[in-house]
Amino acid sequence: MRINIFLITLLLIIPLPVFSMTGEEAVQKINESLESFETMKGKLTVSYTSGETYSGIFMYSNPGKIYVKFMNPLEKFIVTNGKKLWAYDSSTDVCGVQDIEIEDEEDDEAGDKKTIGKKPEEEPKLTGGLERFFRNYEPAFIESGNPEENIIELVNEKWRYTLIKLVLNKDFMLVKAVFTDKNGEGFTVKLSDIKTGENIIPGLFNFNVPANAQIVKNPLDIR
């Protein structure tokens, strides 16, 4: 059997078409990435378009437990154990406490009833807070042209941040997130020095509100 050298050469030098995944498939890739490890920690920086910048550390424990401590310029905490979320600002001594445990059905921002997620046989359930985060946005996978980078854009014209751009590495681990409102204002979150499989004390995800702090319950429910 003769080998067609010309055909083989073409196959080597001409890239084969890459079939893009859907936004939903890309979200599932993020879910699979988060489920591949028990814990993660690292540094983060939050930069606002207004010029303010905050830096600190973050810790994550599967499923859906997050601890964020900003140390520059002032101490701020964002902590969740998967059922409650605490947001404490030392400069104002105010702590917001939000119930975030997902029920089977919940009002969306427009006040309509909306079933959270599809049936198990139709779509795998997302890990932790991912389901609450992604259910309000329409995801789209964007070809970046870089094999080391994946991009997902989330759109919802009715929400404060109408566009969220997620930049992930080749393993679909988050590297950067850009939140933009309809006026082009917003903020960028960058993660660095990420380590997985680190020992993290479980009690860290139950925030102890300072005794004299003013507590605001479920601030995210106020419209």
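Quick caveat, the model's predicted, so the values are computed rather than measured.
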- Message: In the structure I gave you, are the side-chain heavy atoms of E32 and F172 within less than 4.5 Å of one another anywhere?
- Response: no
- Query: Any ion pair linking K83 and D99 (charged N to carboxylate O, less than 4.0 Å)?
  - Reply: no
- Message: Would you compute the distance between atom OG of S61 and atom CD of E198 and round it to the nearest 0.5 angstrom?
- Response: 12.5 Å
- Derivation of the side-chain contact (heavy atoms from CB on, under 4.5 Å) call for T196 and T39: CA-CA 6 Å; T196 59; T39 62; 5.9 Å; no
- Task: Considering non-hydrogen atoms only, spot the tightest contact between V46 and F187 and give its length.
- Result: CG1-CD1, 3.9 Å
- Message: I'd like to know if Y137 and F141 are part of one continuous hydrophobic network [Ile/Leu/Val/Met/Phe/Trp/Tyr, side-chain heavy atoms within less than 4.5 Å].
- Response: yes
- Is there a path of hydrophobic side-chain contacts, each under 4.5 Å between heavy atoms of I, L, V, M, F, W or Y residues, that connects I57 with V189? no
- When every non-hydrogen atom of G96 is compared with those of P219, the smallest separation belongs to CA-CG, 4.2 Å
- For this output row, return yes or no: ring centroids of F70 and F77 closer than 6.0 angstrom. no
- Query: How far does CG of L163 sit from NZ of K182, to the nearest 0.5 angstrom?
  - Reply: 14.5 Å
- Inspect the contact between D181 and R160 and indicate whether a charged nitrogen and a carboxylate oxygen are less than 4.0 angstrom apart. no
- Query: For E157 and T162, does a side-chain donor sit closer than 3.5 Å to a side-chain acceptor?
  - Reply: no
- Message: Taking the basic N atoms (NZ, or NE/NH1/NH2) and the acidic carboxylate oxygens, is any pair closer than 4.0 Å for K69 and E75?
- Response: yes
- Query: Does the pair Y54 and T45 meet the rule for a side-chain contact (heavy atoms from CB on, under 4.5 Å), with working shown?
  - Reply: CA-CA 6 Å; Y54 299 89; T45 302; over 6 Å; no
- Note on the structure: Looking only at heavy atoms, the pair that brings M59 and L204 closest together is SD-CD2, 3.2 Å
- Task: Using a 4.5 Å cut-off on heavy atoms from C-beta on, say whether the side chain of V27 contacts that of T22.
- Result: no
- Interatomic distance, D171 atom CG to K29 atom NZ [nearest 0.5 angstrom]: 10.0 Å
- Note, V97 side chain near C95 side chain (heavy atom, < 4.5 Å): yes
- Item | I142 CD1 to K165 NZ distance, which is reported to the nearest 0.5 Å | 8.5 Å
- Query: Can you find a pair of side-chain heavy atoms, one from I164 and one from N156, that are under 4.5 Å apart?
  - Reply: no
- Message: Do L154 and Y161 make a side-chain contact, defined as non-hydrogen atoms from C-beta onward lying under 4.5 Å apart?
- Response: no
- Is there a side-chain contact between L174 and L166 (heavy atoms, below 4.5 Å)? yes
- Query: Taking all non-hydrogen atoms of both residues, which atom of D93 and which atom of N212 are closest, and how far apart?
  - Reply: OD2-O, 3.3 Å
- Message: If you define the side chain from C-beta out and look only at heavy atoms, does anything of L85 sit under 4.5 Å from V79?
- Response: no
- Hey, mind stepping through F205 and I200 against side-chain contact (heavy atoms from CB on, under 4.5 Å) and telling me if it holds? CA-CA 10 Å; F205 303 103; I200 299 177; 3.7 Å; yes
- Query: L44 and L191: side-chain contact (heavy atoms from CB on, under 4.5 Å), yes or no, with the steps?
  - Reply: CA-CA 5 Å; L44 82 163; L191 307 183; 3.7 Å; yes
- D89 and S91 side chains, donor-acceptor separation under 3.5 Å: yes
- Gap separating the CE atom of M40 from the CE atom of M173, nearest 0.5 angstrom: 5.5 Å
- Item | Atom NZ of K41: over 12 foreign heavy atoms under 6.0 Å | yes
- Task: Quick one: pull up CD in E25 and CG in N31 and give me the separation to the nearest 0.5 Å.
- Result: 13.5 Å
- So, do E148 and N169 sit near enough that their side-chain heavy atoms are less than 4.5 Å apart? no
- Item | Residues, nucleotides or ligands: over 12 heavy atoms within 6.0 Å of N183 CG | yes
- Y67: partners by ring pair (Phe, Tyr, Trp, His ring centres under 6.0 Å), with sequence neighbours left out: none
- Message: Please enumerate all residues that pass ring pair (Phe, Tyr, Trp, His ring centres under 6.0 Å) together with F37, with sequence neighbours excluded.
- Response: none
- Query: Distance-only, no hydrogens or angles: does the T80 side chain make a donor-acceptor pair with backbone N or O of K84 under 3.5 Å?
  - Reply: yes
- Message: Looking at every non-hydrogen atom in both residues, tell me the closest pair between E149 and S144 and how far apart they are.
- Response: O-OG, 3.1 Å
- Query: What are the two closest non-hydrogen atoms of E35 and N62, and how far apart are they?
  - Reply: CA-ND2, 3.6 Å
- Residues, nucleotides or ligands: over 12 heavy atoms within 6.0 Å of N199 CG: no
